[in-house]
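Here is the structure we will look at, set down as structure tokens.
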Amino acid sequence: MVYSIQTQDLKKQERSDTKATYQQALQEAQDHVHMLAEGLQSQFQKHSVEYYYKEIMQTSCLQKKRKKAGSWNAFVSIEMQWINAELPPGIPKKKVNDFIGEIAAKWKSLSDEEKAQLTEEKVTTLCNTHKMHDLASHNVPISMFHDTCTILNNLNKEV
């Protein structure tokens, strides 16, 4: 599709206007969040405004809904506990990836009743652990550090 120069200029201007409007709206949103951070700082006076700002922004990145702990995850956890329990002290724990084939074969050989019976208690434990993580206080600087390390490791792998 070929556009005339006038049409191209109009579309270019529309894109430019949209971008400017978006940037302004984004700045207003950031100003509002900063104002909320200032409110938190004046209310609690425990940390800096920047700390509360990062806390608000970091919280929005956290997973909102967590998947239920499934019987497969529970079974993998149980099997890895058995495998790592047999290791002598001081030896690094084995990784799931090294044993996932064996664990999957064992899982497939079990009946549905056996699977439910073996994993019932562990599923409950995992659900409780998830709830504790959701209710635990969030340490922003540590989370930001771990996020940064993860990003740098991923970039390192790609390069």
Side-chain angles (χ1 to χ4, degrees), residues 1-81 83-84 92-104 107-108 115 119-159:
M1 181 179 256
V2 178
Y3 292 113
S4 69
I5 293 177
Q6 263 186 332
T7 306
Q8 289 177 355
D9 288 343
L10 282 173
K11 289 195 174 285
K12 185 176 180 180
Q13 185 61 42
E14 286 175 8
R15 285 192 305 268
S16 179
D17 291 346
T18 301
K19 184 177 180 180
T21 304
Y22 173 74
Q23 290 296 331
Q24 182 181 359
L26 188 59
Q27 185 61 48
E28 288 172 6
Q30 288 174 338
D31 291 343
H32 183 69
V33 171
H34 199 271
M35 187 178 67
L36 292 172
E38 288 172 348
L40 287 171
Q41 198 279 332
S42 66
Q43 181 179 354
F44 296 105
Q45 299 178 356
K46 190 171 184 180
H47 299 285
S48 67
V49 173
E50 186 66 24
Y51 174 87
Y52 290 113
Y53 181 81
K54 287 179 181 178
E55 176 95 0
I56 292 168
M57 299 307 289
Q58 185 72 22
T59 302
S60 68
C61 295
L62 297 175
Q63 188 174 356
K64 300 294 182 219
K65 290 186 178 179
R66 186 181 293 273
K67 290 182 179 180
K68 289 183 180 178
S71 53
W72 164 249
N73 293 355
F75 185 73
V76 170
S77 178
I78 291 167
E79 289 298 308
M80 289 309 300
Q81 283 178 342
I83 290 168
N84 286 319
K93 291 183 177 183
K94 301 291 183 180
K95 305 288 182 189
V96 173
N97 293 342
D98 300 334
F99 296 94
I100 199 69
E102 298 168 28
I103 294 172
W107 177 254
K108 288 178 184 176
K115 290 176 184 177
T119 60
E120 182 179 358
E121 186 177 322
K122 188 66 172 182
V123 167
T124 305
T125 304
L126 288 174
C127 285
N128 290 338
T129 303
H130 287 173
K131 286 178 187 173
M132 286 192 310
H133 282 288
D134 291 341
L135 298 175
S137 63
H138 182 65
N139 191 326
V140 174
I142 291 175
S143 294
M144 288 174 59
F145 171 77
H146 288 298
D147 290 349
T148 303
C149 287
T150 302
I151 291 168
L152 290 174
N153 286 334
N154 291 341
L155 288 172
N156 217 6
K157 289 176 187 176
E158 289 180 15
V159 173

- Item | Ile83 side chain reached by Met80 side chain, heavy atoms, under 4.5 Å |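 Yes, their side chains come closer than 4.5 Å.
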- Phe99 side chain near Glu79 side chain, heavy-atom distance below 4.5 Å: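 Not in contact.
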- Nearest atoms (heavy-atom pairs only) where Thr119 meets Ala74: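 Heavy-atom minimum between the residues: CB-CB, 3.9 Å.
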Using the test side-chain contact (heavy atoms from CB on, under 4.5 Å), find all partners of [X] that sit at least two apart in sequence or belong to another chain.
X	answer
Thr7	Tyr3, Ser4, Lys11
Phe44	Leu40, Tyr52
Glu120	none
Glu50	Ser48, Tyr53, Lys54

- Task: Can you measure from CZ (Arg15) to CG (Leu10) and round to the nearest 0.5 angstrom?
- Result: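 If I round to the nearest 0.5 Å, the distance is 11.0 Å.
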- Task: Count the heavy atoms of every other residue, nucleotide or ligand shown that sit under 6.0 Å from CD of Gln23, and state whether that count exceeds 12.
- Result: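 Atom CD in Gln23 is packed in, count exceeds 12.
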- Message: Is it true that, when you exclude Gln8 itself, more than 12 heavy atoms of the residues, nucleotides or ligands shown sit nearer than 6.0 Å to its CD?
- Response: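 Yes, because the 6.0 Å sphere around CD of Gln8 holds more than 12 heavy atoms from other groups.
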- Message: Can you tell me how the ring of Trp107 sits relative to the ring of Trp72, calling it parallel under 30°, perpendicular over 60° and tilted otherwise?
- Response: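 Because their plane-to-plane angle is over 60°, the rings of Trp107 and Trp72 count as perpendicular.
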- Item | Those residues that, when tested against Asp17, pass side chain to side chain donor-acceptor pair (under 3.5 Å) (two or more places apart) |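 Gln13.
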- Partners of Asp31 by side chain to side chain donor-acceptor pair (under 3.5 Å), sequence neighbours excluded?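 In terms of side chain to side chain donor-acceptor pair (under 3.5 Å), with neighbours along the sequence ignored, Asp31 is linked to Gln27.
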- Where at least one partner belongs to residues 36-46, residue pairs that pass side-chain hydrogen bond (donor to acceptor under 3.5 Å, both in side chains), sequence neighbours excluded: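 Listed once each, the pairs are His34-Glu38.
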- Task: Decide yes or no on side chain to side chain contact (heavy atoms under 4.5 Å, CB included) for Gln30 and Val33, but give the supporting numbers first.
- Result: CA-CA 5 Å; Gln30 288 174 338; Val33 171; 5.7 Å; no
- Item | Whether Thr150 side chain and His146 backbone form a donor-acceptor pair below 3.5 Å |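 Present.
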- Task: Determine yes or no for a side-chain-to-main-chain donor-acceptor pair under 3.5 angstrom, with Asn156 supplying the side chain and Leu152 the backbone.
- Result: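 No, because the side chain of Asn156 does not come within donor-acceptor range (under 3.5 Å) of the backbone of Leu152.
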